[in-house]
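Some notes on the structure that comes next.
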Amino acid sequence: MATAATLDRLPPHPATLCDVIAGLDAHAQRTALIDFQGGEPARLDYAALAERIRRRALRLRALGIDRRSCVALWAPNGAEWVISYFGSIRAGATVVPIDQQNMPTTTAEILGHAMPAVLLTTAAHRDELRALGRAPKVLTIDPGADDGPQSEWPAPAADAVLPEVEPDDVAALLYTSGTTGKPKAVPLTHRNLASNAAALSLQRLIVADDRVLLPLPLHHTYPFTVGLVTALLKGAAVVFPAGISGPEITGAARAAEATALLAVPRLCEALWDSVRAAVEQRGERAKKLFYRLLGLSIAVRRATGARIGKRLFKPVHNRLGEGLDLIGCGGAKLDPELAWRLEGLGWTVLTGYGLTETSPVLTFNDRSHARLGTEGRALPGVELDIRPVARGEGEREPDAPAKHGRVEGEIVARGPSVFAGYHDNPEATADAFTPDGFFRTGDLGWLDRRGFLRVVGRSKELLVLADGKKVFPEALEKMYAGIPLLREVAILEDGGRLVGLIVPDERAIRERGALRQATLLREELEEVAARLPPHQRLTAFRVARSSLPRTQLGKLRRHLLPSLYKQAASADAKPASEEPSGEDATLLASERGRAAWQWLVARYSDKPLSLDTSPQLELQIDSLEWVTLTTEIEQCFRVSLTGEAVSRILTVRDLIREIATADVVRDGAAPAPVAEVRLPGLPLRLVGAAIFGLVRPLMRLLFGVKVAGLEHLADDAPLVIAPNHASYLDPLALAAALPWRRLRRTYWAGWVGVLYTGPITRFVSRATQVMPVDPDRDLATTIGTARALLERGYSIVWFPEGRRSPTGEVGPFYGGIGQLLLDTDATALPTAILGTFEALPKQRRWPRLTPLGVKFGAPLQPGELRSEGRAALKISGLLERVVRALVAGEQEAREPAGTKRDSTNGGERHDEASE
Amino acid sequence: MMKPANERTETLKDGRRVLVRPIQAGDDASTARFLDELSAPSKHFLFLGGISRLSDEALRRLCNPDYSQDMAFVALEADAARGAAPRQIAVCRYAGASSLQGAEISVAVADDWQHRGLGKRLLRILIDYARAHGVHRLYSMDSMANSRMRKLARDIGFSEQTDPDDKSQVICYLDLAGGGAGDPERAPRSPQ
């Protein structure tokens, strides 16, 4: 690789990051950073940046920071991050940049290991980081935090001397996850980082006039080295969008006139998806034209190298700005098809490969010699090799695969940007290097004749997702394996996303009652997911019919999972021609059995059925659907399936057996759901009054319950009150908010599993008018009871989410309340309960004394409830939207706009992870 | 094939004693408990992925081997308290003796009994049994990261190759038919 002088002005081969900092002044008035974080773009030029870095370094010196210190940095992308990082470097310290998405326990572990002298963060997070107790000093870096009377920063020492650093000093300590889940510490020296940035700048990816849009978090070496340091070396500008949402990125790109975008495959997919969505909206003809033009553009690009997409697809380029020309993609493998499409649209797509341990870039396609579908050639100074995978003392495999004359093996690398070993972990370090000092990447690939690298797989059990995040499936499986309803769970990757293949534990499910199998499973999985950082959560799961593919001794054959996963979706049942067993044959030969089977096949004609099909998981029959189904069964077969019978049904076989063996109901004697309501006698009512008489003032005293919307409860008409549910405090807050008269004539739908477990709970529940509800048995009885109560003028409180939300956000409403409202013609009262999640979320044992609020919304009459359809699910859906809006409206009023919801507080519910 | 009756007491490096015998039908409860009590990493190396518990059927199969094809030896605490059922602390098994690639073999030791040479002992007992009963080859599938198992296998004389189906795993194998001295410690000593 040539290292001849280049046309751009470049400090001669910076040996340390301090040399990079020293070179900033040379770019003087050029814009260095454009920061959209605060709403309005804030520009900082190179001279100002250099000065602020110097001042930050001097303040850190005044705190006692020197070459032996670590400074931890936990903050979002932006000018302040950059200034704090380089300020710490200039002060001679080692920086520990921390991923904000880490769970607090992980952050605490990292801090405990690195032992920083000071932790730098923003004011919004200072208190919670201080509470971790792992750093002697926690200081804030928001604009203006250094100066001013409130500042905890010391004044910069006037005559302080900033130290000289050596190339082999550790500049940064980065943490990556390990197999056992314990993070490994990767020390990168000045030489590692500076040499990588210098080599990259020789590739002429960026020139001085570029403006690089950087939406990726800077604690990763990839955006840090490739996006930030390389740009600073060249005197280019770096643009930080306000966030990682589509509009924020496109807005920043246009406003700042970005010329380059640093992305991960996930972002490229999102870009393509939004273009495609816009096209689909234009109709069939526009769509056909678009794809034809795209095909043409790609063909021209392939044949001649010319990119005509810029001109053909002007509207697309208007969204991100005409000036955007280059998309750099790393972190994970980019699907070549996608790369070609983006090139067809007119962008230059350049991919590369590397790891944290290599600072990070090992190979990168440069503009003049790019080959799509490869990761490019080795950077100047990087030695690459392909080694056979078996590690038996350097011996080759007996039959090394030589497909098409190419040699595949493990990619290993050596060079100034490759680290020297993990900090404090001799075992992992020994494993990571070959005897002759090459670093083992753990990835498999091959080099073609011209030296272009292709990565084909991994030699370690590691999944790399489409957003560049790495996951060890084994570590995750351990977490999910704790769920009692699952017998087996395997984590794999499907299209770059994390998915799970599960085998439910039939016995455990039978014991719980099989009615809500799918819901229960989903709830349990979400429960585990809430405790994990966003990128480790499953985006989907499928159920495997039988055990996962294993050897005779039970060892999992992981390589068979992907095809099994695909099959599980289409629920490819056993072929119909399979011989039924003796018992099954008898069952199907009986008159009712045969009729039942034929009825089922006709009813579920769009799904492949077998006797082993699970009604709950494969036919999606939930508790609501059982009500409809049992009614139909009664009409067709004149048999009545009790709730008990239904809860025993795990397979179609069970269902047919129940139908075939149930007693036939005599004609004309179809039983109506009997609703027995034992209203409490006077003594019990007095106890109830006493309990509420105590609870209400206590709640008001401790939590100050603010109530609004009482005008909707003015008269005595019975209502079905439907609040959101995030905490055990909800019913107590509601009891404190309801007017006394209404409260005494209200019944609370309570889950038997919690409220009717022992003699004391039963007593208290009956005294306080709790209506027992068992979601795993049949719904019809519950609705009957509710109807009886409403007819007697009682109101009912029903929490439609079914369980406490693990994240505080309003979860989906189950169909039960919709069916209830449909059958009883009752009026619904949407209600928002606020503050209870902050006071006592699922995870806490003792509540925080924070203010609570209850807002009653306008009642919804039966006509309004059915405005979207006379179906239980439609009604539930409508109600859910109303309650959501009510909650959101109240939250806006409580929190001033601009304070964003913290994504570290238990994590946010993601339908698709927004990275 | 008759169920072998041999039962023996072995003394380990640290003086503790274990009882080694073939697995019996009544062992399913203690086997279930043994597997349950394995630490997560040990369980993962044994099953190579996400399993919480075995189904009753799988457990029954494990404890009732078809002696023409399979065999399993369990190790129990020899010095258990009188009257208490001795705890199962290790198991070593093979299955599928007559298949072309040989019998698959696996060994697992309870975490508090590891590092005492118990795995190696059991493995040797099983290999002797296999050889005596005409098994021609033994192989084990292991995670690349299970360096202890790989070293154990190498010490006994197994060869190693990468699993062609799954590059993150290795296959350790031993040909028994040759009757060769695969195990260096078992090689006949030359007279001094």
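Numbers restart at 1 for each chain; the letters A, B, ... are given by sequence-line order, proteins then strands.
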Is chain B contacted by the side chain of A:Ile483, its backbone, both, or neither, given a heavy-atom distance below 4.5 Å?
-> backbone

Please look at B:Leu62 and chain A and tell me whether the side chain, the backbone, both or neither of the residue comes under 4.5 angstrom of a heavy atom of that chain.
-> neither

Look up atom CZ in A:Arg550 and atom CG in B:Leu48, then write down how far apart they are to the nearest 0.5 Å.
-> 8.5 Å

Chain A heavy atoms under 4.5 Å from B:Ser99: which part of the residue, side chain, backbone, both or neither?
-> neither

Name the region of A:Glu477, side chain, backbone, both or neither, that has any atom closer than 4.5 Å to a heavy atom of chain B.
-> side chain

Taking every heavy atom of B:Ile105 against every heavy atom of A:Leu553, the minimum-distance pair comes out as C-CD1, 3.5 Å

Give, for atom CD of B:Gln169 and atom NZ of A:Lys555, the distance between the pair rounded to the nearest 0.5 Å.
-> 8.5 Å

